[in-house]
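Naming convention: chains lettered A, B, ... in sequence-line order (proteins, then strands); numbering from 1 in each chain.
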Amino acid sequence: MRTTEYLIATQKESPAEAEIASHQLMIRAGLVRKLASGLYTWLPTGLRVLNKVKEIVRDEMNKASAIEISMPVVQPADLWEASGRWEEYGPELLRIKDRHNRDFVLGPTHEEVITALVKNEISSYKQLPLNLYQIQTKFRDEVRPRFGIMRSREFIMKDAYSFHIDHESLDQTYQRMHQAYCNIFERIGLEYRAVIADSGSIGGAVSHEFHVLAESGEDDIAFSNKSDYAANVELAEVIASGERLSANEDVKTVDTPNAKTIDEVALQLSVEPEYCVKTLIVKASEESAHEYIAIVLRGDHVLNDIKASKHPLVASPLQMASEDEVNKAFGVNFGSIGPLGIACPILVDRSAANCSDFICGANMDGQHYTGVNFDRDVKDYDVADLRNIESGDTSPDGKGTIEIRKGIEVGHIFQLGDKYSNALTCGVLTESGKHQTLQMGCYGIGVTRIVAAAIEQNHDKFGIQWPEAIAPFKVALIPMNMYKSQRVAEVAHRLYADFIAAGVEILFDDRKERPGVMFNDMELIGIPHSIVIGERNLDNLQVEHKNRKTGEKQLLNIDEVVAFITNQAGV
RNA sequence: CGGUGAGUGGCGCAGCUUGGUAGCGCACUUGGUUUGGGUCCAAGGGGUCGUAGGUUCAAAUCCUAUCUCACCGACCA
């Protein structure tokens, strides 16, 4: 490709609204342009990258025996009414009417359509398992589109749906998809983690998210430094390390005037917060036959709402008691609540349960106890996993310690079970001739989001540094003063032809621009290899190669350039 | 949906407080200059100042309404 026949569309400045690197760089490098909130046009360079990602996804899906189809973006509402999601989905579902005033939706996902399809096409267990996918535009009327292409309303998703006679078969395909996803992200060249998204209470994981690690990510990922364990911070189970030490001290009452927080208590008593416990009062569930529950955490730990609300004694969703309610029920204000002698059931976090001789509120304003111990002093309580996992905790699989980093969710795989097949009565006849509802799995990848995530992970102050596998071009050919130097022009044209003959994707900057402009544009666009042709090196029949990622420069003989690139880039 | 802020050539902004008929940088066009890291000079083209209404001799500027967008919180690939 020649720049003079191409649309470069680079910019010096990025729009004020672009907050994160990938958004700024996608606009500055001329990859996308915004049409309206959450709606983007893909310019030629961006589209080349997008297509590379699509091809890798497609290839790995095919290798995993998934079969490509294409379903409509516009879907009739009655399917959504049948699945219950016409009511359930809410305003993110864009609803439209046709000329006959019939209701349709712009598909945010395709479970309904695929299930209806399979219901009609598949009638025997012999045709199973079946795994169908498409790479296609989705529309979700996001509350707040953000970060450019990262969270747009219209986006491209690879969505796959598998159908099975039983759970065992579903599990096999699920594992296969898990592996396919790992292959995809490895091939693209991204640092990622497969994250446990929901450790179902019955039998193992039923959902994994795939996250690309990047500072700008919106999710906190906890992962082991020794194993491949990874989970959302909210969902990661915490196992308490160590054992409780024996009680040495007696309970004493100390004055802690005006100390409302653990930090203030710890400061007044000159101890670290981890030697204190904090007691939080939450609303109890109906079945608990109490009004409130006291939750006890170590002073330096953070309550995990999700875990707490899953406990049978605790109201779901979690509701913290107000200070007035606490005062009314227990005769004490925030700051001096404690488990010792409190008139409600007590839930103790696993880590807090390992504390001994600890400090806690005395249930009298302005006073705390020291030297408190479970069992000896606090007798009736339940232990549960109630806090957020933290950096440095032991990994839940027992291997290594936990690190926490930000992640961008780019993929999600699910074992759906029979939710949709049941609602739309999708089943087959079994070997014994009985009707059997199918088990389903679904597997999504945010194709457009991968492009943004790749930039988040691979850029510097000059621009994008594309991984080879998804770079819009492998090589930028940059001639110095081609319009003045006949020699430079000749070599440039010859190399350009050679690269094309060798099947290398090359961008030949034949604009009549100053060198600085060309260097800056090619670096901003992020092409992995630059070949610079200048009078300077032509006497020795050499040109210069520069690696975008490492910045390394070296001189190459003109005759060797193409081979050098094809060997290095694995073309 | 709640909170905050902004709408002025393609992009980034100034002008608004104190009304007087729109300006700067980038980009674009032309000519010259320069040519291994976003040259420099000159000339030029392009804007219903988000929209509607009002106040006024006069509105980008003041008032009212409305629309849109962005940023911060709960959802998602």
Side-chain angles (χ1 to χ4, degrees), chain A residues 8-20 23-24 27-28 30 33-39 53 57 88-93 107-110 135-160 181 184 195 197 207-212 217-219 232 305 317 407-414 442-453 462-463 478-485 488 509 511-524 530-538 543-544 546 551 553 555:
Chain A
I8 287 282
T10 53
Q11 292 181 349
K12 282 190 184 171
E13 290 174 292
S14 53
E17 74 210 37
E19 291 281 298
I20 61 171
H23 188 190
Q24 293 170 355
I27 291 183
R28 288 224 295 131
R33 287 290 183 265
K34 186 167 82 168
L35 176 66
S37 178
L39 301 174
V53 176
V57 170
E88 231 175 73
Y89 213 94
E92 250 175 55
L93 182 64
T109 171
H110 281 69
I135 298 173
Q136 191 234 28
T137 299
K138 298 275 184 279
F139 193 94
R140 292 184 192 173
D141 203 356
E142 288 282 347
V143 186
R144 186 148 92 81
R146 230 189 308 194
F147 303 141
I149 226 73
M150 192 80 85
R151 176 175 309 207
S152 50
R153 294 195 289 178
E154 191 176 298
F155 59 99
I156 293 173
M157 179 162 142
K158 186 285 298 173
D159 48 327
Y181 275 40
I184 287 166
V195 170
S207 173
H208 284 83
E209 293 173 352
F210 287 77
H211 285 257
V212 169
E218 295 186 84
D219 299 296
N232 253 313
D305 296 15
I408 300 166
E409 185 184 351
V410 290
H412 200 161
I413 59 178
F414 257 105
C442 77
Y443 319 91
I445 284 186
V447 176
T448 38
R449 187 179 277 183
I450 285 177
V451 176
F462 300 110
I478 309 176
M480 299 291 101
N481 299 314
M482 183 174 75
Y483 292 90
K484 282 272 174 68
S485 165
V488 170
D509 201 346
R511 290 177 297 176
K512 203 170 179 176
E513 284 286 0
R514 294 172 55 84
V517 173
M518 295 194 275
F519 287 136
N520 283 316
D521 272 349
M522 295 304 121
E523 279 168 14
L524 176 59
S530 290
I531 301 295
V532 182
I533 305 162
E535 281 285 347
R536 192 186 279 184
N537 298 312
L538 282 187
V543 294
E544 183 183 287
K546 184 171 179 186
K553 292 178 184 176
L555 292 173

Given the [atom1] atoms of [N] and [M], what is the spacing between them in whole Å?
N: B/C63; M: B/U55; atom1: P; value: 15 Å
N: B/A42; M: B/G37; atom1: P; value: 24 Å
N: B/U68; M: B/A52; atom1: C1'; value: 14 Å
N: B/U17; M: B/A6; atom1: P; value: 15 Å
N: B/C13; M: B/C49; atom1: C1'; value: 14 Å
N: B/G2; M: B/A59; atom1: C1'; value: 34 Å
N: B/C72; M: B/C11; atom1: C1'; value: 25 Å
N: B/G36; M: B/U48; atom1: C1'; value: 48 Å

Complement of [N], any strand, by Watson-Crick or G-U distances under 3.5 angstrom:
N: B/C75; value: none
N: B/A22; value: none
N: B/A58; value: none
N: B/G37; value: none
N: B/A14; value: none
N: B/C69; value: B/G5
N: B/A52; value: B/U64

Nearest whole Å is fine: how far is [N] [atom2] from [X] [atom1]?
X: A/M518; N: B/U39; atom1: CE; atom2: P; result: 11 Å
X: A/K512; N: B/U30; atom1: NZ; atom2: P; result: 11 Å
X: A/R511; N: B/G38; atom1: CZ; atom2: P; result: 14 Å
X: A/E513; N: B/G36; atom1: CD; atom2: P; result: 14 Å
X: A/R514; N: B/G38; atom1: CZ; atom2: C1'; result: 9 Å
X: A/D521; N: B/A27; atom1: CG; atom2: C1'; result: 12 Å
X: A/Q11; N: B/G10; atom1: CD; atom2: C1'; result: 8 Å
X: A/R28; N: B/G10; atom1: CZ; atom2: C1'; result: 16 Å

Determine whether a donor-acceptor pair (N or O, by modelled atom type, separation under 3.5 Å) exists between the side chain of [X] and the backbone of [Y].
X: A/R140; Y: A/E92; value: no
X: A/Y443; Y: A/Y181; value: no
X: A/R33; Y: A/I27; value: yes
X: A/Q24; Y: A/A18; value: yes

Exercise. Using a cut-off of less than 4.0 Å, is there contact between a side-chain N or O of A/K12 and OP1 or OP2 of B/A27?
Worked result: yes
For this session: Identify the residue among A/T448, A/D159, A/T109 that makes a side chain to side chain donor-acceptor pair (under 3.5 Å) with A/K138.
Result: A/D159
For this session: Give the B/S/- string for nucleotides 70-77 of chain B, one per nucleotide from 5' to 3', where a protein heavy atom under 4.0 Å of the base yields B, of only the sugar-phosphate yields S, and otherwise -.
Result: SBBBBBBB
For [X], which contact category applies under a 4.0 Å heavy-atom criterion: base, sugar-phosphate, or nothing?
X: A/E535; value: nothing
X: A/K484; value: base
X: A/S14; value: sugar-phosphate
X: A/N537; value: base

For this session: Apply side chain to side chain contact (heavy atoms under 4.5 Å, CB included) to the pair A/F210 and A/I445, showing each step before the final yes or no.
Result: CA-CA 9 Å; A/F210 287 77; A/I445 284 186; over 6 Å; no
Exercise. Under the side chain to side chain contact (heavy atoms under 4.5 Å, CB included) criterion, do A/I135 and A/I156 qualify, and how do the steps go?
Worked result: CA-CA 7 Å; A/I135 298 173; A/I156 293 173; 3.8 Å; yes
Problem set entry | Heavy-atom neighbours of A/F462 CZ exceed 12 at 6.0 Å | no
For this session: State whether A/K546 and A/E523 are salt-bridged, where the test is any N-O pair (Lys NZ or Arg NE/NH1/NH2 against Asp/Glu carboxylate O) under 4.0 Å.
Result: yes
Problem set entry | A/E17/A/K34 salt bridge by N-O under 4.0 Å criterion | yes
Problem set entry | Worked verdict on A/R449 versus A/M157 for side chain to side chain contact (heavy atoms under 4.5 Å, CB included) | CA-CA 9 Å; A/R449 187 179 277 183; A/M157 179 162 142; over 6 Å; no
Collect all protein-nucleotide pairs involving nucleotides 23-25 of chain B in which both atoms are nitrogen or oxygen and the distance is under 3.5 Å.
{"residue": "B/G25", "atom": "N2", "partner": "A/E13", "partner atom": "OE1", "Å": "3.1"}

Problem set entry | salt bridge (Lys or Arg N to Asp or Glu O under 4.0 Å) between A/R536 and A/E544, intermediate numbers included | CA-CA 10 Å; A/R536 192 186 279 184; A/E544 183 183 287; 5.3 Å; no
